[in-house]
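The figures that follow rest on heavy atoms only: side chains count, while hydrogens, waters and symmetry mates do not.
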Amino acid sequence: MSYPRLPALTRRTFLASAAALSAGAMLPPQSNARAAGLREFRLRAGPGRAQIAPEPYGDTAVWCYGGRLPGPEIRVRQGERLRIAVENALDEETTVHWHGVRVPNAMDGVPLLTQAPIAPGGTFTYEFDAVDAGTFWYHPHHRSFEQVGRGLYGPLIIEEADPVKVDRDVTWVLSDWRLTESAEMRDDFGNRHDMMHNGRVGNTVTINGRVPDAFPVWKGERIRLRLINAANARIFGLDFGSHGPVVIALDGQPVEPHAPQDGLVVLGPAMRADIILDMTADAGSRVSVTDRFYKDLEYRLVDLAYDDRPLRETAPDWPVALPPNPLPEPDLVSAARHEVTFNGGMMGAMVMQEMGGSMGEGSSGAMGGMMGNMGAMMDMMHSGGIWFINGVAAEGHVMDPMLTLARDKSHVIAMTNATAWHHPMHLHGHSFRVISRNGEPTRYREWQDTVLMSPRERIEIAFVADNPGDWMLHCHILEHQAAGMMGVFRVA
Ligand code: C2O
Ligand code: CU
């Protein structure tokens with residue numbers, strides 16, 4: 001967060017921004033021959049240009065899908081099958097990962113682990129079923145700290161057969177950018193400082209690829225707002241002012257409708273939230289949405305700009321609960337238990353000493369004692385890795401599994417964040433229930449695929465390992481992932 005903000009951005013007119021903020025256009029089916037239940041799409045990853053900062057700034061060179069930022073919204077119905085041909089028009093290899101979707105292992109988009117990377121000029125066709133309804137997204141899994149950071153991502157929306165009734169269903173893909181004073185992309189991707197600290201946090205925040213000014217709304221309107229954090233590293237904590245957002249889904253999965261804690265919708269990188277937002281302020285007024293996640297660095301993200309005429313006088317009383325997805329319920333009594341500990345980063349050794357020197361139960365074997373020693377930790381960091389899972393810093397996606405999970409059995413993973421930093425930890429191929437935080441049972445036992453861990457926090461997750469294959473567990477701060485913070489779970 002020590003990077004300068006762009007100098008004052010000019011205000012744009014309500015209408016211009018409104019156009020930029022409309023939900024991403026739906027990608028047309030590739031062919032008009034649409035077999036029953038099969039939806040075909042084509043995505044092209046390549047260089048492009050986008051008006052990220054408002055005029056009079058120029059546009060910015062980006063990498064993106066289909067020439068647009070964010071990539072086109074793929075929208076299908078639950079139960080349909082997707083076939084997506086990905087064409088690589090970049091100068092380097094790439095893959096696509098369907099974040100949060102429970103796909104077969106071979107469709108997971110992890111280079112070398114689940115597929116050969118797509119060479120420049122090459123094409124790979126992904127095919128999988130939309131088993132869960134919800135808000136998902138897609139992005140490369142190859143050098144993602146640069147490929148995602150330059151703009152390769154897009155929303156993937158799977159609609160319920162019977163969705164909750166709203167006036168508008170809107171997707172906001174949030175991201176941020178590190179731009180120069182002339183709105184060019186700073187190209188210091190993957191630098192060691194970002195890797196050791198909180199990642200590549202940018203200086204310019206966008207909604208759907210543009211710096212927003214206003215989002216038009218009508219008094220009495222009900223919006224289902226699908227929030228997707230596509231940033232490399234920025235964590236958002238959104239305050240909707242006088243509005244009372246109701247969270248109805250997290251990471252695509254329905255949750256008991258509730259007001260967010262402290263009124264803030266918190267999203268670490270890769271996380272999603274679906275909220276019901278009733279427009280309760282006065283016609284003609286403006287209410288700011290503020291991001292308050294980082295202390296003393298609050299800023300106005302966007303204004304909700306009310307039309308002079310109301311849509312209706314009071315909020316509708318339509319039900320907001322979503323139907324559940326077909327997730328197997330873990331049995332906590334018979335579940336196998338596993339420990340996973342994260343450490344490293346700046347001040348990592350200090351945190352470990354403060355947490356008791358030894359890695360406690362969280363460590364596997366010899367590493368616990370060794371990692372408890374500050375000197376040994378510094379040696380490991382100097383050998384290249386910066387972040388460690390159970391004492392191992394990953395150097396690529398191919399590695400021995402850190403855990404093998406018995407297939408179709410319930411598992412509880414106790415994860416300890418022995419670092420001074422936040423980490424959004426993402427598991428592929430499964431959604432998990434977050435069952436406790438620092439020993440306290442969670443109120444909503446929410447299903448997630450990415451859980452934001454606070455410094456020194458201990459979290460238990462539970463799930464049935466029903467999807468066979470090798471699956472990544474990694475931090476979704478993409479600089480942390482690149483600097484070692486990933487591992488493989490084998491489900492067999
Ligand atoms: Cu969204 Cu392994 O990633
Ligand atoms: Cu991290």
Side-chain angles (χ1 to χ4, degrees), residues 3-28 41-74 86-92 94 96 99 137-140 143-156 170-189 200-215 226-234 236 269-270 299 301-302 478:
Y3 296 89
R5 278 168 192 280
L6 277 178
L9 299 166
T10 35
R11 288 225 156 202
R12 310 203 71 230
T13 64
F14 175 93
L15 284 170
S17 294
L21 282 175
S22 67
M26 199 185 300
L27 195 67
F41 302 93
R42 179 167 283 272
L43 273 182
R44 186 172 199 260
R49 298 197 71 88
Q51 186 75 42
I52 295 175
E55 281 134 14
Y57 291 99
D59 58 5
T60 303
V62 298
W63 295 352
C64 56
Y65 291 109
R68 56 212 289 184
L69 196 67
E73 180 169 280
I74 297 175
V86 176
E87 185 187 334
N88 183 6
L90 301 166
D91 286 336
E92 60 182 56
T94 193
V96 178
H99 186 114
W137 65 299
Y138 58 90
H139 65 77
R143 300 187 65 256
S144 53
F145 62 92
E146 179 165 359
Q147 294 194 358
V148 174
R150 286 188 184 273
L152 284 165
Y153 49 75
L156 168 52
V170 175
T171 304
W172 281 5
V173 181
L174 305 170
S175 192
D176 74 343
W177 310 83
R178 191 177 290 170
L179 299 182
T180 67
E181 303 271 318
S182 52
E184 289 305 310
M185 188 89 67
R186 269 183 54 174
D187 61 3
D188 56 342
F189 290 97
R200 183 184 176 89
V201 175
N203 54 17
T204 305
V205 175
T206 55
I207 298 177
N208 295 343
R210 304 225 34 183
V211 172
D213 176 50
F215 180 79
R226 302 173 184 264
L227 298 163
I228 301 173
N229 182 356
N232 278 32
R234 179 182 291 272
F236 290 88
Y299 63 95
L301 173 67
V302 66
L478 301 175

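For the atom pair CG (Leu478) and CG (Asn232), the distance works out to 4.5 Å, reported to the nearest 0.5 Å. Taking CG from Asn88 and CG from Leu43, the interatomic distance works out to 12.0 Å, rounded to the nearest 0.5 Å. Distance NE2/His139 to CD1/Ile228: 11.0 Å, rounded to 0.5 Å. With values rounded to the nearest 0.5 angstrom, Ile74 atom CD1 is found 6.0 Å from Phe41 atom CZ. In this structure, OG1 on Thr206 lies 12.5 Å from CD on Gln51, to the nearest 0.5 angstrom.
Contact detail for Ala230 and Val148: the closest heavy-atom pair is O-CG1, 3.7 Å. Annotation for Glu181 and Tyr57: closest pair O-CE2, 3.5 Å, computed over non-hydrogen atoms. Nearest heavy-atom pair, Arg150 versus Val62, reported as atom, atom and distance to 0.1 Å: O-CB, 3.3 Å. Leu90 approaches Pro47 most closely through the heavy-atom pair CD2-N, 4.3 Å. Between Ala231 and Pro269, the closest heavy-atom pair is O-CB, 3.4 Å. Between Leu179 and Thr204, the shortest heavy-atom contact is CD1-OG1, 3.8 Å.
For Thr60, there are no side chain to side chain donor-acceptor pair (under 3.5 Å) partners two or more places apart in sequence or in a different chain. For Asp187, there are no side chain to side chain donor-acceptor pair (under 3.5 Å) partners at least two apart in sequence or on another chain. Trp177 meets the ring pair (Phe, Tyr, Trp, His ring centres under 6.0 Å) test with no other residue; sequence neighbours excluded. In terms of the side chain to side chain donor-acceptor pair (under 3.5 Å) criterion, residue partners of Arg143 (sequence neighbours excluded) are, by chain and number, Glu92, Glu146. Applying the salt bridge (Lys or Arg N to Asp or Glu O under 4.0 Å) criterion to Arg200, with sequence neighbours excluded, gives Asp188. Taking the ring pair (Phe, Tyr, Trp, His ring centres under 6.0 Å) definition, one finds that Tyr138 meets it with Tyr65, Trp98, sequence neighbours left out.
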Step-by-step side-chain contact (heavy atoms from CB on, under 4.5 Å) determination, Asn229 to Arg234: CA-CA 8 Å; Asn229 182 356; Arg234 179 182 291 272; 5.5 Å; no
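Within the 4.5 Å cutoff, the side chain of Leu174 has heavy atoms near those of the Ile207 side chain. Between Ser175 and Tyr153 the shortest side-chain heavy-atom distance falls below 4.5 Å.
Distance alone, capped at 3.5 Å, places no donor-acceptor pair between the Glu184 side chain and the Arg186 backbone. Arg210 contributes no side-chain N or O that, together with a main-chain N or O of Pro54, makes up a donor-acceptor pair within less than 3.5 Å. Looking at Asn208, its side chain does come within 3.5 Å of a backbone N or O of Val173 through a donor-acceptor pair.
Between Phe215 and Trp172, the ring planes lie perpendicular to each other; the angle is over 60°, past the 30° to 60° tilted range.
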